[in-house]
Amino acid sequence: MELLEQRIIRDATVIGDDILKVDMFLNHQIDVDLLNDMGKEFYRLFGDMGITKILTIEASGIGIACIAAQYFSVPVVFAKKGNHKNVGSNVYTSEVFSFTKGVSYTITVSQDYINPEDNILVIDDFLANGKAIMGLKDIIDQAGASLAGVGIAIEKGFQPGGKMIRDNGIKVESLAIVDSMKDGKVKFRR
Ligand code: 5GP
């Protein structure tokens with residue numbers, strides 16, 4: 001998606017070898033107009049798949065998922081990080097290793113909000129090693145629901161997550177795929 005790529009070039013910064021910081025428009029300050037265009041694009045890519053729900057993970061996925069959901073007219077469910085007693089005892093949980101924090105954490109979704117009839121679009125801000133997406137897939141599998149596809153804002157194509165998830169036969173659409181970030185210079189996959 002040209003607009004997102006331009007924005008990354010203009011406003012993103014590269015941290016170390018493999019972290020892209022997009023606090024200027026996605027992860028701290030949020031450009032709602034850009035998210036709106038991203039939501040339209042997700043709808044163009046997945047709109048004919050009979051999606052009943054969008055599943056994401058707190059916190060950064062929520063804004064992207066909610067704006068996209070307006071086009072799909074479906075609810076958003078977000079996995080909470082940690083063991084939440086107030087979610088209740090009937091929960092699905094999975095373990096996710098965090099690429100940015102270097103630790104594992106539990107994600108929790110109430111069994112009330114995903115059921116076997118659901119055909120789910122998973123949305124997240126970044127795809128790196130694919131652990132967050134596989135954790136969400138695990139929860140969808142536990143619920144007996146269907147995973148229709150995965151919509152990602154920014155995939156880092158030099159990390160293995162995208163290939164691993166596609167090799168599992170899952171449709172993955174990333175609005176921007178970064179192929180390299182050498183010396184702070186971002187190059188996209190064409
Ligand atoms: P994965 O689970 O695919 O290894 O990593 C994806 C998750 O880690 C995303 O939910 C995102 O929050 C975070 N993440 C991974 N790489 C980056 C990055 O380069 N920049 C930012 N801001 N977050 C990232």
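Hydrogens, waters and symmetry mates play no part in the numbers below; they use all other heavy atoms, side chains included. When a ligand or atom number is given, it counts from 1 through the structure's own listing order.
- Near F99, with a cut-off below 4.0 Å to any heavy atom, the atoms of ligand 1 are 4 (O), 15 (C), 16 (N).
- In the model, E95 has no side-chain atom that pairs as donor or acceptor with a side-chain atom of S104 under 3.5 Å.
- Using cut-offs of 30° and 60° on the angle between ring planes, the pair F72 and Y43 is perpendicular.
- Counting heavy atoms closer than 4.0 Å to ligand 1, residue K156 contributes side-chain atoms (C-beta onward) but none from N, CA, C or O.
- Side-chain contact, T52 with N119: no donor N or O sits under 3.5 Å from an acceptor N or O.
- The part of N27 lying near ligand 1 is the side chain, judged by heavy-atom distances below 4.0 Å.
- Contacts between F126 and ligand 1, counted as non-hydrogen atom pairs separated by less than 4.0 Å, involve both the backbone and the side chain.
- In this structure, the side chains of D11 and V22 stay at 4.5 Å or more apart for every pair of heavy atoms.
- Contact annotation for D18 and ligand 1: only backbone heavy atoms (N, CA, C, O) come within less than 4.0 Å of the ligand.
- The shortest distance between side-chain heavy atoms of I107 and I139 falls below 4.5 Å.
- Only the side chain of T100 comes within 4.0 Å of ligand 1, judged by heavy-atom distances.
- Residues G162 and E155 come closest through the heavy atom pair CA-OE2, 3.5 Å.
- Closest protein heavy atom to atom 5 (O) of ligand 1: A128 CB, 3.6 Å.
- Inside a 4.0 Å radius of atom 23 (N) of ligand 1 there is at least one protein heavy atom.
- Side-chain contact check for D124 versus I57: some heavy-atom pair is nearer than 4.5 Å.
- Those atoms of ligand 1 with a heavy atom of A132 less than 4.0 angstrom away are 2 (O).
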